[in-house]
Amino acid sequence: MILNPDDTKPIYVQIAEWIETEILNGHFQSDEKVYSQYQLAEMFTINPATAAKGLNLLADEQILYKKRGLGMFVATNAKEAIVHKRRSGTLKQLIQELVLEAERLSIKESELLEMIKAARKKEGSQ
Amino acid sequence: MNVIECNGLTKAYFRKNVLNGLTFTIEENKITGLIGRNGVGKTTLVKILAGLIKETSGEVRVFEQHPFNNLYTSANTILVDDQMFFPPALQLHELLEVAQSFYPNWDMELAQRLLQYFSFDPSHYHQTLSKGRTSTFNMIIGLASRCSLTILDEPTTGMDEAVRKDFYRALMKDYLAHPRTILISSHHLNEIEDILEDVLLIKNGKTLLHESISDLKEWAIALQGASTVVQKWLVERNCIFQRQVGKDTLYAVVRDDFTKENKEEALRGGVEFIPVKASDLCVYLTNDTKGGIDDVFER
Amino acid sequence: MTFAALIPMAVIVALPLLFFIVRVKKKVTHWLLVVYIGVLLLSVVAAFFIKSDEPEITDRPRDDLYEMLYSGEIYAKGSNLLLKEDSFPIEGEKVRVTSSYGDESSSVYIERKTEDDQKMDVLAYGSFSIAKLDVAEEIVLPAVQLKDETLTIVYPEYQKLKTSIVMNEFTIEQFTGNKKYNSEFQIDGPILLVRIPPDLEIEADSTTELISIDEWK
Amino acid sequence: MSSNVSLVETVKKQYAFKMKAYIDAFSSLVGIQFIAFLFSLGGGSSSMGTSDGYHFELKFYSADLVIIFTFIWIFVTAITITTKPYRNQDFTFVTNRMSSSLSNILFLLSASLLGAFTAVLSRFLIQTVAYFLLKEDLYIASVMTSEMMIGITVSLLYVFWISSIGYFVGTLVQIHKGFALLIPVIVIGSLFYDGFMQRYAMLLILFQFYFLESSMVLFAIKTLITTAVLFFASIAILNRMEVRR
C-alpha cells in the first residue's frame, strides 16, 4: 500500500486502517506480532511517532495488545472487533450520508429502501 | 531533554524585526517541520540556531548553550542549505574527507554509497554542479555528518521528484538507525508532512502553532453549507478561512472544538464537515486575510 | 660559501617538501609547486658550478686623470693610473707619428725627458670603472709600434664592456652592512704619453695631433 | 550523541583543511614569483658610452623584485581570505570565529614561510639562468650560509608582517565596504598631502621605522609586535561578526 497524501484522513488513521485490512485479509493471525512503529516508519517513510499513534489507536480499540518490551500483538478477537467497528462506524456514517443525500433529493423513505433492495439484488445476482 | 529552547527570540535587521519574540522548545530526537511563508524568518531562525548570526534580544539555547560563536554548537549542528559554500579547489571526494575530519560521527561509507547512488563523479568540483545536484550533494554531507542537530533549510530546492522521494526515504532510514533531532524548514508542508512528528508554524516572526502533525490534521475543520446556517455556527468562533462557493454556499474553516452533539445538530441543518489538509491549514493560517487572494478581488 | 655549508640548507628545504608530497594527494597545482621548489633547489646546486669573481671594490684613488695631465704631473704622480708602458730604442734623430683612429685625428701627449737615454717610452694612462669595480684590465689599449722611425698607433675597434653583478637581497643587506653597488661609470682615457729624449725631432701626420705638455709644468 | 570539541583540535583541523583548500594561493605564488623572476633577468641595467669608442654596460641581478612581488602576493592573499566566500566555507564545517581566525593566521604563517623561502632562493635561479643561459660573466656578491639564513628570516618577518596588514585591512573592509575606498584614499591622500606641504611623507617615515632598522633584534621585535597587534585587532573585530551565509 502506498499512503495517499491527498487523503484528508490523518496518516496515523490510514496506517491503522491498513493494519486492520491486513488482519481482515488474514495476513496476521491472533497473537501474532504486528509491525513495530519503526518497521512501519521505514515501510511508508513516515515518522515513527505517527506510526506509533496508529498502533496505539488500534491498541485503544483492543484490536492490538501491548507486550511490554516485545511490541504489539493481534488480539484474540481482533477480526470480529474490526468487522464490528467498521459496521458501526464506517457503514453507519455512509448510511447517514445516504439519508442526508436522499433528503436533499426529496426521496421518500420507502423509495430509498426500494433502491437499496434493488442494489443488493443486483449485487447478489452477479 | 530539550535540544532547542527559544524564549522571546527577536532578530532585527535595520530596525525591522524579522523574528519577533519567538518562543518554542524542541525535544531531542524529534523531526520538526519549520513551516512558514517565504520571508517570515525561517532562514534567520536556523542561522541563529546554527550560531552563524546573533539574536537581537531574547533567549536562545541549543544543547543548553548559547549558540552564537559556540564551538560546541558548531560541532554538533549542521545546517544544510543551498548557500553551503565549499572551497572551489577541492573535488567532491576531498570534500567528504574534509567533512570526515570535522564531524566525529561522520559515516564515510554512507556518504560514498550515496555519492555513488546519485551517480556523482567524485573527482568533480562542487562549483560545477547544477542547482539540484548541489542540493543533493549538500544533503549527503548533512546526512553523513550525523550531527545531533541536523537543520535542513529548504533542502530539496532544485531536486527532481525522484530525488526528493529518495532523499526523504534516505533521511527517514538514517534517522531510524541513528535518531537525532532534525529540523526541516520548508514553505511546502505537503512534501514533508509524512516524515514529520511536529510542526512549528511561524507567522510574522512569531510562533503561530506548535503541534504534532497528527493533531494538526484534526486541529481544524471546514464547514460547508448554506451561508446563513454556516454563519450561525461561526458565531463566537474564530474563522480561519472562508470562501463563498456557488450562490449560497459558504466554506469556512474553524478550529475543531465541536462536540459530537454539535456536529450531529449541524449535520441535520445541512452543514457538511470536511477535514482540512494540514498543508492547506498552514496556508490558511499564514494568510493575512481570511479570504486569501479572493479578498484582493472583493470590492 | 662552500658546498658543505649548503647541505644543511638543502636538508631543511627537502624535508618539509617530502612531507608535503607524501601527505597531500597530487594535483596539477601541487606538482607546480613541487616542480618550482625542485627547480629552485637545483639552481642552488648549479650555482656552485658558476665561475665568478667576487666583486672587489677598487681602492685606486679615483684621481682625475686630466687634472694630472694638464698640470704636467701625470708621469710623476699618475703611476696608479698607468695601464701599459712600452719602450723603444731610438736609432735615428727623427720620429714620425701616425695613428689609425677613424676619420678624426687622435691626440698624443709628448713630454721631453731631461736626459737622453736613447729611448722612447709610450705610456698609456686611464681610469676605468663600473660601479666602483676596476675594469681597466679588461680594456683593450691602443697597440704601439716603432719601426723605421715611424711610431704607429693602432686604436682598437669600438669596445663594449659588460659587467653583471649579483647583489645580495635587501633583506640581507639591511643587517650585514650596505654592500650596494651604485651604477656609476668612469671612463677616463686612455691617453698616450710619449716620453722622448730632449732633442729628438718628432712630427706627426694629419691623423695625429701632438700636444706637448712641457709648457704646462 | 553530542561531542565535545576543543579549540586547539578545531584550529588544527581548520588549518589542515585550509592548506588543502587554499592550494590556489600557492600556485599564484609560483606564478607571481616567476613573473618577478623574468623581470629580474632583464631589469636593473644601465649603460654609458663615450665618443672614444667605449661602451660600458652594467647589470644588477638580485631577488629583490621577487621579494617585493611576494609582499604583494601575501598582502592580496591575506585580504582574500577575509572575504565572505572564504569565511563562509570555514563555517560549512566546524568552527567558531576564534578557530577560523587562528587557523587563518597559521595558514598565513605557512604561506609567508614558503613565500620568503622561495623568494630568497630564487636568487640562485636568477644567477644560474644568467650564467648558463644568458652567458653572462658574473660578479657575485659573497653570501654566507648564515647570511642566507638572515635573508630568509628577515624576509619571513617582512612577509608575515605584511600579511597581518592585509588581514587587518581585509577585516576592516568586512565591517564596512566603505573601508575599501577609504583606506586607499587615506594612503594616497597622505602621500599627496605631504608632497603638497613639501615635507617628508609620513608614510615613508612609518616604513623607515622598519626598513632602516639595522639591528636584527630590534627589527624582529618591531615587526613581531606590529604583527601581533594587527592580528589581535582583527580577531577582536571578527569575533563579533555574524556570518551571513
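Chain naming here is simple, since letters A, B, ... match the order of the sequence lines and numbering starts at 1 in each.
Considering only heavy atoms from C-beta on, Gln174(C) stays 4.5 Å or farther from Ile150(D) through its side chain. Contact check for Ile37(C) versus Phe117(D): no side-chain heavy atoms found under the 4.5 Å cut-off. Side-chain contact check for Phe49(C) versus Phe132(D): some heavy-atom pair is nearer than 4.5 Å. A 4.5 Å side-chain heavy-atom check between Leu40(C) and Ser122(D) finds at least one atom pair inside the cut-off.
One finds the OG1 atom of Thr171(C) at 9.0 Å from the CD1 atom of Ile152(D) (value rounded to the nearest 0.5 Å). The distance from the OG atom of Ser155(D) to the CD1 atom of Ile172(C) is 7.5 Å, given to the nearest 0.5 Å. Between atom CG of residue Leu41(C) and atom CZ of residue Phe124(D) there is a gap of 10.5 Å, rounded to the nearest 0.5 Å.
Between Phe211(D) and Phe170(C), the two ring planes are tilted [angle within 30° to 60°].
The greatest number of non-hydrogen atom pairs below 4.5 Å with chain C, out of Ala130(D), Ser146(D), Ser215(D), is found for Ser215(D). Highest contact tally toward chain C, considering only Phe219(D), Tyr158(D), Tyr131(D), Phe34(D), is held by Tyr131(D) [criterion: heavy-atom pairs under 4.5 Å].
Judged purely by atom type and a 3.5 angstrom limit, Thr128(D) uses its side chain to pair as donor or acceptor with the backbone of Ser43(C).
Contacts between Tyr210(D) and chain C at a heavy-atom distance below 4.5 Å involve the backbone alone (N, CA, C, O). In this structure, chain C has a heavy atom under 4.5 Å from the side chain of Leu114(D), while its backbone stays farther away. Contacts between Val140(C) and chain D at a heavy-atom distance below 4.5 Å involve the backbone alone (N, CA, C, O).
Among all heavy-atom pairs drawn from Leu32(C) and Ser27(D), the shortest one is CD2-CB, 3.6 Å. Across all their heavy atoms, Ala63(D) and Glu169(C) have their closest contact at N-OE2, 2.8 Å.
Only one option out of Leu121(D), Leu125(D), Val30(D) pairs with Val39(C) in a side chain to side chain contact (heavy atoms under 4.5 Å, CB included); it is Leu125(D).
Taking the side-chain hydrogen bond (donor to acceptor under 3.5 Å, both in side chains) definition, one finds that Asp86(C) meets it with nothing, sequence neighbours left out.
Within a 6.0 Å radius of CZ in Phe207(D), other residues, nucleotides and ligands contribute 12 heavy atoms or fewer.
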